[in-house]
Student: 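A single structure is presented below for examination.
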Amino acid sequence: MEFPEDLKYSKEHEWVLVEGNTATVGITDYAQDQLGDIVFVELPAIDDKVSKEDAFGVVESVKAVSDIYAPVSGKVLEINDDLPDNPEMLNEDPYGDGWIIKIEMNDPDELKDLMTATEYEEYVAEEKE
Amino acid sequence: MLEIVGVEDVAALFADVPSALRERAGLDLAPGLSEIEVRRQLETLASRNTAATQHCFMGAGAYPHFIPAVVDQILQRAEFYSAYTPYQPEVSQGTLQAIFEFQTLVAMLLGMEVANASMYDGASATAEAVLMALRMRNKRPRVLLSRGLHPQYRETIRTYATGAGSFELVEIPFDSSGRTDLAWLKNHLDDQVAAVVLGYPNFFGVIEDLGAAAELAHANDSVVISATTEAAALGLLKPPGQQGVDIAVAEGQSLGIPMSYGGPGVGLFATRNELVRMMPGRLVGEAYDGAGRRGYVLTLATREQHIRREKATSNICTNQGLMALALTVHVSLLGKNGIRRLAVANTTAAHDVAHRLAGKGWIAPFSAPFFNEVVLRRDDAAAKWQAARAKGILAGIALERWYPDLRDCLLLCVTEVHSAAAIDALTEELA
Amino acid sequence: MSDPTQKQAGLLLDEPLIFERSRPGRAGVSYPNSDKDPELILPAELLREPIAGFPEVSEPEVLRHFLRLSQWNYGTATTFYPLGSCTMKYNPVVNEVVARLDGFAGLHPLSPDDGAQGALEVILAVERILAEITGMDAVSLQPAAGAQGELTGMKMIRAYHVDRGDARRKVLIPASAHGTNPASAALCGYGTVQIEGNRIGLIEVDAVRRAMNREVAALMITNPNTLGLFEREIMQVAAVVHEQGGLVYLDGANLNALMGVAKPAHMGADVMQINLHKTFSTPHGGGGPGSGPVAVDALLEPYLPTPRVRRDANGLHWSSDFPKSIGRVRSFFGNFGMHVRALAYMLALGGDGLTQATQMAVLSANYIRRRLEGAYHLAFPATCMHECVFSDKGFEANGIKTLDIAKRLLDFGFYAPTIYFPLVVPGALMIEPTETESKETLDQFIAAMLEIAREAREEPDTLHQAPTHTPVGRLDEARAARRPVLRWQPVSPT
C-alpha cells in the first residue's frame with residue numbers, strides 16, 4: 001500500500017496536496033481498499049463552504065457507505081466532474097485521477113493537525129489491529 | 001445428537017434461560033391436530049364468511065377481478081414461495097429475473113422511468129412516497145393530501161408522519177365534479193408545501209386531472225405524488241408519468257392477486273431516474289458473470305437499513321416478492337392488448353350500470369369522468385342496499401362513514417367478473 | 001441470463017426476459033365484452049396509447065417462462081436453507097390450500113362484519129395464540145412485515161411518552177441488532193445510542209445502566225440476540241430501563257427459540273413484533289409477503305393500531321373506538337392470507353408441538369455448532385439457542401473469505417448461511433437450521449462444510465472460483481451498481 005511522501009493525511013483517511021492556498025483532497029489507498037469496489041460518489045457544489053472534520057460528500061461501495069470529511073476548512077474551488085460517472089477511479093488511482101475536490105483554505109494553520117506519510121502509515125498499521 | 005452436543009437432555013440446552021422464566025413458560029394451548037382436522041376447522045371458518053360467495057360490487061381499495069389459472073399454478077411453485085430475499089444471486093435467478101420483469105412492467109404501467117421491487121401495499125407505499133418527498137424538500141414542512149385520496153391511505157400517511165419530524169398534513173377539498181379542487185390548491189401552494197398527493201383514479205373512481213395539478217405544484221417547486229388503488233385503470237388511462245407526476249405509487253392487487261380480506265397485496269412504487277437513490281425498497285439490476293452471462297442482482301443496497309441503519313431511506317427490508325410475481329405473471333398473460341381490453345371491459349361495465357341506475361332514480365353527484373367505480377345517491381340508498389344484500393348482492397359501499405357530507409351515497413364497483421345476469425340482478429334490486 | 005450468441009447454453013438455461021419472448025399479436029388471456037371503443041365512453045385526452053414494449057406472449061409460453069425461472073431458485077422446499085436469523089423452516093402445503101379457500105381468498109375487506117365472521121375468528125384466534133406464546137396482553141395483526149411491526153411498536157412507544165407529557169429523544173440499541181432497529185427508531189424521530197456487548201456478545205446490566213437516563217424512550221433488544229445467545233440478564237436490564245421510565249422493545253425475530261421456554265412478557269418486554277413468516281411457517285415468498293403482528297402489555301394496549309376485533313352479543317366486529325390508538329399503518333387488516341396460514345400451522349402443532357419445535361431447533365443448532373467448531377472459528381463459544389455464528393477467521397493465509405465459503409456451499413446444493421451479519425463478528429457465517437431438517441440433512445450439510453474447510457486449506461482456488469454448478473457464476477455487483485440497469489427498455493421507445 002502506497003502513501004506518497006508529498007501529501008498530508010487525516011485520521012478519516014483523506015489525503016491533502018497543498019499548492020499555495022489550494023488544498024486538493026482525495027481518499028487514501030487504504031481507504032479505497034477498505035471500502036472495496038466504489039460504485040457511487042456524491043460531491044459538493046462549487047463555492048460550497050466546508051469545515052474541517054465535517055462531512056462534505058459520500059462514497060459508496062457495493063455494501064458500505066462512508067462520509068468524506070474535509071481535512072481543512074474553506075471554499076470548494078473545483079470538483080472532479082469525472083468521478084460521478086467513473087467512481088472506479090477512486091479504486092484505480094486514488095492519488096491521481098481519483099482526486100475529489102480542491103479547497104481554497106481559510107486557515108493554512110489547520111494543516112498542522114494533519115499527519116505525514118510516515119505518521120499515517122503507523123496510524124493505519126494500528127487501526128488494522 | 002444429544003450425545004454429540006454433550007448434554008443429557010434437551011432441557012440442559014436452555015440452562016442460560018433463567019429458571020424464573022422457564023417455570024412460567026408453559027403453553028396453555030390445545031393439543032396438535034392432524035391435517036384433516038386442520039382442514040375441517042379452517043373450512044368451517046371459511047364457510048362462515050358468507051360475503052365471500054355473494055356478488056361483490058365493492059371496490060374502495062380492493063377489487064374483485066378474474067385471475068387466470070396460470071397465475072396460481074406459478075404461485076404454487078414452492079421454488080418461488082419457499083425462497084427468501086435473493087441474497088445469493090447464483091441460486092436465486094428465478095426470483096431476481098421475475099422482479100426485474102416486475103420493475104419493468106410497473107415502470108411502464110405508471111409511465112415512469114424506474115420502479116422498485118415492491119412495497120407492502122398501496123397505503124404504506126403512499127406513506128413512503130410522502131416521506132421521500134419530505135426528504136427531497138427538507139426545508140418544507142407541509143404536505144397537501146386530496147380528500148379524494150383513499151381515507152385509509154390518508155390515515156396511514158398520518159401514522160407514518162407522526163413523530164418522523166415536525167410535518168403538517170393538510171387536506172385539499174374536492175369540487176362538485178368529484179375532482180380535487182384545483183382552485184383551492186392554487187391558493188394554498190406556498191414555500192412551505194413539500195408535496196401534493198392525489199388519488200388516480202381517486203376514491204370516488206373519478207379520473208383526476210393530474211396534469212393540471214402537477215403544473216400548479218411544479219410552479220411552486222412542490223413534489224407531485226399520485227396513488228392508484230385500482231391498477232387495472234392503468235391499462236387505459238394516461239399514466240401518471242405522462243402527466244408530470246414525480247412519484248407514482250399504486251396498489252397492485254387488481255392484477256393477479258385475490259382480495260383475501262385485504263392482504264397480502266403489493267405496493268407499486270415508481271419515480272424518475274434522478275431520484276432513484278432517494279427511493280425506499282429493494283432494487284434488482286442487471287449484472288454479468290465472469291463468463292459474460294447475463295443475470296440479475298439486488299443492487300443500490302446502500303440506501304437500505306442493513307447498511308445505512310438509522311440513516312436509511314426506509315426501514316423496509318422485505319419486498320412483496322410472491323405478490324409481485326403474481327402481478328408479473330398476470331400482466332405477462334394480458335400483454336399489450338389484454339391489459340387495455342381488461343380496462344375497457346371494466347369501464348364499459350361500470351358505465352353501463354351507472355346509466356341503467358340513472359334511469360331508476362339514482363343521481364350521480366359528481367360530473368367528472370370515472371373508471372370502474374361510481375358514486376350514486378338516492379334517499380333510500382341504505383334500504384336499497386339492505387334489500388340487495390338479502391338477495392346475495394353486495395351493492396357497493398356507503399360513503400358516509402368516511403364522508404359525512406356524502407349521505408345516502410353508494411360507491412359501486414363493476415368489473416369483468418360481473419356477469420350480465422349479476423348486473424341485471426344488481427340493477428333490479430336497486431331499482 | 002440469456003445470451004443468444006452463447007451457443008453452448010442449452011435450451012433450458014437460455015430463458016430470455018418475457019419482453020424478449022414477445023411477438024406482435026400474441027396474447028395469453030382474453031376477456032369477453034372488451035371490444036368496445038373506449039373513446040365512446042371516456043374523453044380521448046384521458047386515455048393512453050397501447051403500452052409500448054408490453055409483452056405479447058401466448059399462455060403456454062408464459063407458463064414455460066415462469067416454470068423455467070422457478071427452476072433457477074433454491075427454496076426450503078428443494079434444499080436446506082440455513083439462512084441465519086431468517087428461520088427458513090418448512091412451509092406446510094396444507095397452509096397453501098386453506099389460504100386459497102374461496103371463503104378466505106374471495107372475501108372483500110369491506111364486507112359487512114356479519115358476512116365475515118369466519119375471518120374475524122381467524123384473526124382473533126391468531127391474536128389469542130400469539131398472546132399465550134408471548135405472555136403479552138394484546139395483539140394486533142395489522143403490520144405487513146417484521147420491519148413494519150417494529151415501526152408500529154416504536155410509534156406506540158412514542159405515543160405513550162408523548163401522552164404522558166414526557167417526549168423522550170433516544171433509543172438504546174445493542175451493536176449486534178438488526179439494521180431495521182435503528183432505521184425504525186429513526187422513523188419515529190429518535191436518535192440511537194449503541195450499547196456494546198461484553199466479551200461473549202451479551203448485553204450486561206451495567207452497560208445499560210450507564211447509558212440509561214430520562215431522555216431514553218426505550219431499549220430495543222433482540223432475545224436471543226443475533227449471535228444466537230440468550231440474554232441472561234434480560235430481566236435486570238428491563239428493570240433498569242423501567243426504573244427510569246423507559247420501555248422495552250423486544251425484537252421477536254428469534255421467537256423460534258422461545259416457544260414454551262420463555263415468554264417475552266416475563267422478561268420485561270412491553271412490546272414486540274412477531275414474524276409469522278419466520279416462527280409460524282408462512283412462506284417467505286422470495287422476500288415477501290411477510291406478516292409482523294405486534295404484541296403489547298396493558299400499558300401500551302390503548303395505542304395499538306386500529307381497527308381491532310371486538311366481540312359483542314351479535315358476534316365479532318371491527319372497532320376503531322380507541323382514541324389513543326396510533327391509527328393504521330396500512331390498508332385494511334394486515335396480510336390476512338398469512339394469518340390463515342399461521343393459524344393452520346398453530347393448530348397443527350398445538351402447544352406441545354410448538355414447544356417441541358423450539359427444542360428441536362435449538363438442538364439442531366447446537367449439533368451443528370459442536371460438529372463444526374473444530375473446523376471453523378466459533379465467534380462466541382457457548383451453548384447457543386436456535387442459531388450459531390462462525391467466521392472466516394483462520395483462513396486468511398489462503399485468502400479465503402466468508403463469501404468464498406458461502407459460494408462454495410451453493411455448489412454442494414445448499415443455500416448459504418447469512419453472511420457478514422451480525423456486524424460485530426467480522427466475516428460472520430450465521431447458521432440457523434430450524435427444527436424441520438432431519439439429522440441426515442444436517443449431517444450432509446456438515447460434511448459439505450467440512451469438505452469446504454479442507455478445500456480452503458488445500459485447494460483455495462476451488463473456493464475462489466465457486467460457484468461453478470449454478471446457472472450463473474458470481475455476478476459483477478460493482479458494475480451493476482456503478483451503471484445501474486433497473487429495467488428492460490423497448491428498442492425504439494415511442
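In the text below, chain A, chain B and the rest are named by the order of the sequence lines, each starting its count at 1.
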Student: Just give me the residue among C:Gly327, C:Ala481, C:Ala159 that pairs up with chain B most often, heavy atom to heavy atom, under 4.5 Å.
Tutor: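 Of C:Gly327, C:Ala481, C:Ala159, C:Ala481 has the most heavy-atom pairs under 4.5 Å with chain B.
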Student: Is B:Thr299 close to C:Glu477 at the side-chain level, that is, under 4.5 Å between some pair of heavy atoms?
Tutor: no
Student: Nearest heavy-atom pair of C:Ala105 and B:Pro258: which atoms, and what distance?
Tutor: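 Heavy atoms of C:Ala105 and B:Pro258 come nearest at O-CB, 3.5 Å.
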Student: Between C:Ser364 and chain B, which part of the residue has a heavy atom less than 4.5 Å away: side chain, backbone, both or neither?
Tutor: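 Backbone plus side chain of C:Ser364, per the 4.5 Å heavy-atom cut-off to chain B.
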Student: Roughly how far, to the nearest 0.5 Å, is CG of C:Leu347 from OG of B:Ser34?
Tutor: 11.0 Å
Student: When you measure from the side chain of C:Thr78 to the backbone N and O of B:Glu79, does any donor-acceptor pair fall under 3.5 Å?
Tutor: no
Student: Could you give me the CA-CA distance, side-chain angles and deciding distance for B:Lys238 and C:Leu47, then say whether side-chain contact (heavy atoms from CB on, under 4.5 Å) is met?
Tutor: CA-CA 5 Å; B:Lys238 190 177 280 187; C:Leu47 308 182; over 6 Å; no
Student: Are any non-hydrogen side-chain atoms of B:Leu131 and C:Leu187 less than 4.5 angstrom apart?
Tutor: yes
Student: About how many Å separate CD of C:Glu56 and OG of B:Ser332, when rounded to the nearest 0.5 Å?
Tutor: 12.0 Å
Student: Taking all non-hydrogen atoms of both residues, which atom of B:Gln88 and which atom of C:Ala406 are closest, and how far apart?
Tutor: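 That would be NE2-CB, 4.1 Å.
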Student: Using non-hydrogen atoms only, which part of C:Gln359 is less than 4.5 Å away from chain B: side chain, backbone, both, or neither?
Tutor: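 Both backbone and side chain of C:Gln359 come within 4.5 Å of chain B.
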Student: So B:Met58 and C:Ser111, do their side chains get closer than 4.5 Å, heavy atoms only?
Tutor: yes
Student: Who passes salt bridge (Lys or Arg N to Asp or Glu O under 4.0 Å) against B:Arg282, sequence neighbours left out?
Tutor: B:Glu304
Student: Is a donor from one side chain sitting under 3.5 angstrom from an acceptor on the other, for C:Asn73 and B:Thr95?
Tutor: yes
Student: What part of C:Pro50 is in contact with chain B, defined as an atom under 4.5 angstrom from a non-hydrogen atom: side chain, backbone, both or neither?
Tutor: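 Both backbone and side chain of C:Pro50 come within 4.5 Å of chain B.
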Student: At a heavy-atom separation under 4.5 Å, does C:Asp352 approach chain B through its side chain, its backbone, both, or neither?
Tutor: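 Neither the backbone nor the side chain of C:Asp352 comes within 4.5 Å of chain B.
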Student: Treating C:Tyr81 as the side-chain partner and B:Tyr84 as the backbone partner, does any N or O pair qualify as donor plus acceptor under 3.5 Å?
Tutor: yes
Student: Within the side chain of C:Lys155, is there an N or O that forms a donor-acceptor pair under 3.5 Å with the backbone of B:Thr162?
Tutor: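 A pair under 3.5 Å: yes.
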Student: Between C:Thr383, C:Asn366, C:Asn91, C:Val329, which residue shows the highest count of heavy-atom pairs closer than 4.5 Å to chain B?
Tutor: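 Option with the greatest count: C:Val329.
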Student: Using a 4.5 Å cut-off on heavy atoms from C-beta on, say whether the side chain of C:Leu69 contacts that of B:Glu101.
Tutor: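 Yes, side chains in contact.
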Student: For C:Asp114 and B:Arg48, run salt bridge (Lys or Arg N to Asp or Glu O under 4.0 Å): C-alpha distance rounded to whole Å, both residues' side-chain angles, the deciding distance at 0.1 Å, then the answer.
Tutor: CA-CA 9 Å; C:Asp114 64 22; B:Arg48 295 185 57 203; over 6 Å; no
Student: Work out which heavy atom in B:Asn49 is nearest to a heavy atom in C:Gly103; give both atom names and the distance.
Tutor: ND2-O, 3.0 Å
Student: Any carboxylate oxygen within less than 4.0 angstrom of a Lys/Arg side-chain nitrogen, looking at C:Arg474 and B:Asp289?
Tutor: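 Judged by the 4.0 Å cut-off on N to carboxylate O distance, C:Arg474 and B:Asp289 do not form a salt bridge.
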Student: Could you walk me through whether B:Leu42 and C:Phe104 pass side-chain contact (heavy atoms from CB on, under 4.5 Å), step by step?
Tutor: CA-CA 9 Å; B:Leu42 283 151; C:Phe104 295 134; 4.2 Å; yes
Student: Is chain B contacted by the side chain of C:His178, its backbone, both, or neither, given a heavy-atom distance below 4.5 Å?
Tutor: backbone
Student: Can you see which heavy atom on B:Arg294 is nearest to which on C:Val472, and at what distance?
Tutor: O-CG1, 3.8 Å
Student: Identify which part of C:Leu101 has an atom lying under 4.5 Å from any heavy atom of chain B, answering side chain, backbone, both or neither.
Tutor: side chain
Student: Look at C:Leu343, C:Leu151, C:Asp102, C:Thr355 and state which one has the largest set of heavy-atom pairs under 4.5 Å with chain B.
Tutor: C:Leu151
Student: Does B:Val5 offer a backbone N or O that forms a donor-acceptor pair with the side chain of C:Arg370 under 3.5 Å?
Tutor: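 Indeed, once roles are kept as given, a pair shorter than 3.5 Å links the two residues.
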Student: Are B:Asp121 and C:Ser331 linked by a side-chain donor-acceptor pair shorter than 3.5 Å?
Tutor: yes
Student: Is there a donor-acceptor pair under 3.5 Å between the side chain of C:His108 and the backbone N or O of B:Met259?
Tutor: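 The answer is no, because no donor-acceptor pair under 3.5 Å joins these two groups.
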Student: Counting only heavy atoms not in B:Gln73, do more than 12 sit closer than 6.0 Å to its CD atom?
Tutor: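 Incorrect, the count does not exceed 12.
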Student: Could you walk me through whether C:Leu475 and B:Gln93 pass side-chain contact (heavy atoms from CB on, under 4.5 Å), step by step?
Tutor: CA-CA 11 Å; C:Leu475 293 155; B:Gln93 282 301 305; 3.5 Å; yes
Student: Looking at chain B, which one of C:Arg26, C:Glu121, C:Arg158, C:Arg479 has the largest number of heavy-atom pairs inside 4.5 Å, strictly under?
Tutor: C:Arg158
Student: With a 4.5 angstrom heavy-atom cut-off, could you sort out which part of C:Ala185 is near chain B: side chain, backbone, both or neither?
Tutor: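 Nothing of C:Ala185, per the 4.5 Å heavy-atom cut-off to chain B.
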Student: Would you check if the side chain of B:Ser124 reaches a backbone N or O of C:Arg330 as a donor-acceptor pair within less than 3.5 Å?
Tutor: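 No; zero donor-acceptor contacts below 3.5 Å.
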Student: Any chance you could measure C:Leu63, atom CG, to B:Ile74, atom CD1, to the nearest 0.5 Å?
Tutor: 5.0 Å
Student: Partners of C:Lys263 by salt bridge (Lys or Arg N to Asp or Glu O under 4.0 Å), sequence neighbours excluded?
Tutor: C:Glu132
Student: Closest approach of B:Thr85 and C:Tyr415, non-hydrogen atoms and distance?
Tutor: O-OH, 3.8 Å
Student: Examine whether an atom of C:Pro305 lies under 4.5 Å from a heavy atom of chain B, and if so say whether it belongs to the side chain, the backbone or both; otherwise answer neither.
Tutor: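 Nothing of C:Pro305, per the 4.5 Å heavy-atom cut-off to chain B.
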Student: Quick check on C:Met235 against chain B: is it the side chain, the backbone, both or neither that has a heavy atom closer than 4.5 Å?
Tutor: side chain
Student: Can you tell me which portion of C:Tyr74 sits under 4.5 Å from chain B's heavy atoms? Options are side chain, backbone, both or neither.
Tutor: both
Student: Passes side-chain contact (heavy atoms from CB on, under 4.5 Å), B:Tyr296 versus C:Leu17? Steps please.
Tutor: CA-CA 11 Å; B:Tyr296 302 90; C:Leu17 289 165; 3.4 Å; yes
Student: Quick one: closest heavy-atom pair of B:Tyr120 and C:Ala147, and the distance?
Tutor: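 Heavy atoms only, the tightest pair is OH-CB, 3.7 Å.
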Student: Between C:Thr180 and chain B, with a heavy-atom cut-off of 4.5 Å, which part of the residue counts as in contact: side chain, backbone, both or neither?
Tutor: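 C:Thr180 touches chain B through backbone and side-chain heavy atoms alike.
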Student: What part of C:Pro55 lies closer than 4.5 angstrom to a heavy atom of chain B: side chain, backbone, both or neither?
Tutor: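 Contact with chain B is through both the backbone and side chain of C:Pro55.
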Student: When you measure from the side chain of B:Gln103 to the backbone of C:Leu486, do you find a donor-acceptor pair of N or O atoms at a distance under 3.5 Å?
Tutor: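 It does hold such a pair.
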Student: Where on C:Arg48 is there a heavy atom nearer than 4.5 Å to chain B: the side chain, the backbone, both, or neither?
Tutor: both
Student: Could you tell me how the ring of B:Tyr261 sits relative to the ring of C:Phe336: parallel (under 30°), tilted (30 to 60°) or perpendicular (over 60°)?
Tutor: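 Perpendicular.
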Student: Below 4.5 Å from any heavy atom of chain B, which atoms of C:Leu229 appear? Answer side chain, backbone, both or neither.
Tutor: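 Neither part.
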